[in-house]
2 protein chains.
Amino acid sequence: MKISSEPSVGGELWEMLPVGPRRALAQAAASEFGKRGYHATTTRHIAEHVGMSPAGLYVHYASKAELLFTISRIGHESVLSESSAALEGISSPDERVHALVRSFTIWHAVNHNLARVIQYELRSLEPKHYQVIAAIRRSTEALAAEVFRPLFRDAESLSMHTVAILSLGIDVARWYVPGRSPDPIVLGEAYAKLARNLLRA
Amino acid sequence: MKISSEPSVGGELWEMLPVGPRRALAQAAASEFGKRGYHATTTRHIAEHVGMSPAGLYVHYASKAELLFTISRIGHESVLSESSAALEGISSPDERVHALVRSFTIWHAVNHNLARVIQYELRSLEPKHYQVIAAIRRSTEALAAEVFRPLFRDAESLSMHTVAILSLGIDVARWYVPGRSPDPIVLGEAYAKLARNLLRA
DNA sequence: GTCTATAGGTAGATAGAC
DNA sequence: GTCTATCTACCTATAGAC
């Protein structure tokens with residue numbers, strides 16, 4: 001019945017979908033999948049969320065799997081573009097680390113429901129869909145490694161620290177509870193400082 | 001500092017269940033739930049894993065939900081007891097942090113399949129089962145906070161750093177791939193050092 | 001305790017009226 | 001494009017033979 005929107009700091013998360021049922025269903029699916037998990041969510045849950053009959057969904061999406069793919073792709077592209085945008089015009093290695101961790105953390109806090117879907121439902125994607133998503137993830141990981149690289153000599157150390165710092169941001173999606181958790185901006189700043197301490201060794 | 005020859009690395013995890021079908025089914029369920037998720041796993045998957053007919057399972061467990069509860073409880077109790085054991089006889093605050101993070105990380109790497117179940121399937125537990133699990137989790141979180149407390153003045157800072165450091169260990173369950181990821185002991189040592197850098201601010 | 005067979009329920013997706 | 005009604009498939013759990 002109620003349409004819940006998941007606010008994005010950039011605000012343009014869902015803009016690649018036309019205003020109307022197609023966007024509303026994607027937002028509803030992100031919310032429901034994020035709360036209950038993909039396999040525990042029924043197409044009826046999603047349809048009810050937008051005040052539609054179970055059959056109405058299939059006019060706009062071919063299947064439940066395509067709905068998962070759509071929101072996963074939008075989420076992954078949003079993380080990548082926001083991270084990239086956060087680094088624009090910043091050249092100091094330390095400041096680039098700060099900007100990346102801050103942006104990544106804020107994204108996972110603000111979009112914690114969608115974040116759960118993109119981080120914890122990869123195994124629910126159909127193989128063909130997974131291929132597309134994996135390519136976007138490789139780009140994001142490459143961007144992060146490029147930001148951290150100036151601070152390390154050997155590749156092994158770079159790899160472990162990259163994984164660890166991304167873990168901090170990703171795990172926010174697991175525990176974040178709006179209202180009970182820190183404000184996203186505050187958390188982003190704090191985690192950015194944490195990351196710089198962590199790397200200064 | 002903990003002596004590295006000692007860690008039992010999960011050897012006694014399932015000992016509270018009798019040798020036989022009841023233990024085998026629990027281990028199979030941990031493996032299947034960890035790989036595919038609770039709702040995507042059928043009782044047939046679990047039964048086949050131990051070479052049993054779908055009906056055979058119900059002689060040893062009342063339901064799929066009880067199977068989830070059983071392995072979740074065993075996993076949570078194992079984390080708590082291993083963490084507690086790792087701290088035994090260590091009084092230096094710095095060394096206690098090292099021992100706790102090391103043990104916690106190793107547990108999540110060695111038992112990454114079971115770890116996924118206990119960290120990511122909390123919402124799949126029935127309410128009554130969840131109450132029991134939540135109580136164990138509170139004990140574990142209290143233990144961690146007690147270890148980190150000597151290093152902080154204000155409660156807010158303690159809380160944020162506790163969450164961040166536990167995130168490092170928990171997220172290991174998400175990305176760990178045996179063979180392709182670092183050896184659990186090596187990872188545990190590295191993350192313990194990371195945590196001490198992170199707290200030294 | 002384990003099996004085969006199946007009941008009972010529900011999910012994803014389609015048919016066809018409007 | 002949206003609805004109501006329903007099909008088909010599959011899943012959890014039980015019945016009853018051995």
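So that the names make sense, note that chain A is the first sequence line, chain B the second, and so on, each numbered from 1.
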Polar-atom pairs under 3.5 Å, protein N or O versus N or O of nucleotides 2-7 of chain D: list them with distances, or write none.
unit_1, atom_1, unit_2, atom_2, d
dT2(D), OP2, His60(A), NE2, 2.5
dC3(D), OP2, Ser53(A), N, 2.7
dC3(D), OP2, Ser53(A), OG, 2.8

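The separation between Tyr58(B) atom OH and dA13(D) atom P is 4 Å, rounded to whole Å. Taking atom CG of Leu68(A) as the reference point, atom C1' of dA11(C) lies 16 Å away to the nearest angstrom. Between the P atom of dA13(C) and the CG atom of Leu57(A) lies a distance of 9 Å, rounded to the nearest Å. Spacing between atom NZ of Lys64(B) and atom P of dG9(C) amounts to 18 Å, rounded to whole angstrom units. Between Arg22(B) atom CZ and dG1(C) atom P there is a gap of 11 Å when expressed in whole angstrom units. Atom pair Arg36(B):CZ and dC11(D):C1' shows a separation of 13 Å (rounding to whole Å applied). Tyr61(A) has its OH atom 17 Å from the P atom of dT14(C), to the nearest Å.
For residues 54-68 of chain B, there are no side chain to side chain donor-acceptor pair (under 3.5 Å) pairs, not counting sequence neighbours. The salt bridge (Lys or Arg N to Asp or Glu O under 4.0 Å) contacts involving residues 34-47 of chain B comprise nothing, where partners must be two or more places apart or lie in separate chains. Under the ring pair (Phe, Tyr, Trp, His ring centres under 6.0 Å) criterion, the residue pairs touching residues 22-45 of chain B are Phe33(B)-Tyr38(B), with sequence neighbours excluded. Among residues at least two apart or in separate chains, side chain to side chain donor-acceptor pair (under 3.5 Å) pairs with a member in residues 164-181 of chain A are Ser167(A)-Asp171(B), Asp171(A)-Arg174(A), Asp171(A)-Ser167(B).
Formation of a donor-acceptor pair under 3.5 Å by the Ser159(B) side chain with backbone atoms of Ala155(B) is not found in this model.
For Ser78(B) against Trp107(B), the heavy-atom pair with the smallest separation is OG-NE1, 2.8 Å.
Looking at residues 23-35 of chain B, you'll see that no heavy atom sits under 4.0 Å from any atom of DNA chain C.
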Passes side chain to side chain donor-acceptor pair (under 3.5 Å), Ser124(B) versus Glu121(B)? Steps please. CA-CA 5 Å; Ser124(B) 303; Glu121(B) 298 288 0; 2.7 Å; yes
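Other residues, nucleotides and ligands contribute only 12 or fewer heavy atoms inside 6.0 Å of the OH atom of Tyr130(A).
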